[in-house]
Amino acid sequence: MHRMTLDHPPECAVPALRVQPVNDAPLCETGSLVLYWMTAARRPFWNFGLERAAAWSAALQKPLVILEALRSGYPWASDRLHRFIMDGMAANARHFKNTAAAYYPYIEDAPDAGKGLLAALADEAALVVTDDFPAFFLPRMLAAAARILPVRLEKVDGNGILPLGAAQEPFKTAYAFRRFLQRSLPSHLFERPPVDSLAVRELMAADLPAAVTKRWPPADPDLLEGRRSLERLPIDHRVEPVAQTGGWDEARIRLDVFLEEKLAVYAELRNQPTADVTSGLSPYLHFGHISSHEILHALMQQEEWFFDRLAGTSRGGKEGWWGMSAGAEAFLDQLITWRELGFNFCATRKDYDQYESLPPWALKTLEDHAMDPRPYLYSPEQLETAQTHDSLWNAAQRELVREGRLHNYLRMLWGKKILEWSPTPREALRIMVEFNNKYALDGRDPNSYSGIFWILGRYDRPWGPERPILGKVRYMSSANTLRKLKVQEYLKRHGNPQNGEVGGGRGEE
DNA sequence: ATCGGCTCGCGCAA
DNA sequence: TGCGCGAAGCCGAT
């Protein structure tokens, strides 16, 4: 018989540093299944959480059930976000159908209708494995689950290449984090999840518990596949779906296209807003439709990279550490340094979304300029509907509202202007968070907060000369951006025909 | 076109 | 104790 006092299942590829028990409840010997509650890593491949659950399933000889639920009551729930997540669920359903595991997609179709589902499944389970994600409502949801579940609940960190547990403190600059990575990352570089955790083991065939599915019916495939409209769901229907499709399969296509067609010119052209050489993977990373491990692995293969290419000495520099092409190094600085810097902050600071989390110099200088007159003041409605005097800013806002994304470089300018045009820095922060989380597919992510708080000084340094409103916080101007970037095509694409804002290179200041 | 100054905090060499 | 340096800046001088 199997020993139920095990802390870790045998034959499991998940490093101990990535696993944490969330409650004190024991394994339940009489449980009839192992439950993987998929919340952040919504994918069948390269998934540490799934690996852990599958290892338990094999060790305990109990079938594996995968619950992927989508609530309707979370902040900013909309057709846009639901559609993208459900695309991913449809792709997962198609994949898991051919495996021993039982996939349980659930869409909450009325407020709080899903309440009790997790607990009901956990009642049948020997233990529950779930994903660790350090931002948005997920930490709170997990803490609530920990209080009510009668069996062992484990969270598994499959977020990045560096385990969240590897650093206990936040970093003040990307430079400092890069130095840390260059010391610490080599030992984690090859601690990868299996590509397919279900295919590498013999698992018992699983069925969904009928009593549970009777009360909480699995999602209608027509709804997941987009053949049925979302109009009856209690979510915001005014934020419409975008043209792109979510899911691990779509993510993989984008990765292939990026590596094949864009990487070579990425370093040179990524700041040009219409060059279209970025990966576009950020929403897929956000919802866990693709793993950084898969991306890094593909990049290593493409670059024919070996471990001994790593530079032994590097002092936090952006280039030259990996020993890859310029495009690959620039991309890895985004994927690993910047992305994981944000995860580190959220994981180590509970107040990651609070104004007070800004560095002291930024708080002070913004306070010093709190009473400065604001030459331009716009209401949230004027900003949301892109009704400002600045046509470049309006174009960026329209791209966000219509397409659910905001170009990397322009999003900095976008935020700096919101700071200038708002009555207080706190109000500017509120507006940025609201618009970003409401409209951006990749919003509500640790990196959303990195990007937004960077506007206000996080990870940055003071810059002279001291200016009105921003004080010593780095200033950016639309006029200079117009000079530096080729924005003609961008303005044409996102201009407002009714204002004659088409093809014009105007943008005041 | 390029350069320095603006300004703070930190790691590291001395 | 001093020095170098930092997500993409800005501006004026040369």
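To find a chain, count down the sequence lines: A is the first, B the second, and so on, and within it residues start at 1.
- Each of A/Met412 and A/Arg483 has a nearest nucleotide on DNA chain C; the 5'-most of these lies closest to A/Met412.
- Taking the six-membered ring for Trp and the full ring otherwise, the centers of A/Phe84 and A/Tyr284 sit less than 6.0 Å from each other.
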| request: Would you mind building the protein contact string for nucleotides 9-14 of chain B? One character per nucleotide, 5' to 3', B for base within reach (heavy atoms under 4.0 Å), S for sugar-phosphate only, - for untouched. | output: -SS---
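- In terms of phosphate contacts, A/Asn480 brings a side-chain nitrogen or oxygen within less than 4.0 Å of OP1 or OP2 of C/dC10.
- For the pair A/Leu363 CG and B/dC8 C1', the interatomic distance rounds to 14 Å; values are reported in whole Å.
- Helical stems in DNA chain B, defined as runs of 3 or more consecutive Watson-Crick or G-U wobble pairs with donor-acceptor distances under 3.5 Å: B:1-6 with C:9-14, B:8-13 with C:1-6.
- Shown for residues 444-471 of chain A: residues whose heavy atoms fall under 4.0 angstrom of DNA chain C, namely A/Trp454, A/Arg461, A/Trp463, A/Gly464, A/Arg467.
- In this structure, OH of A/Tyr175 is placed 12 Å from P of C/dG4, rounded to the nearest angstrom.
- For the pair A/Leu485 CG and C/dC10 P, the interatomic distance rounds to 10 Å; values are reported in whole Å.
- Side-chain nitrogen and oxygen atoms of A/Arg474 include at least one within less than 4.0 Å of the OP1 or OP2 phosphate oxygen of C/dA8.
- Rounded to a whole Å, the OH atom of A/Tyr475 is 23 Å from the P atom of B/dG5.
- Whole-Å rounding puts the A/Arg270 CZ to C/dA7 P distance at 12 Å.
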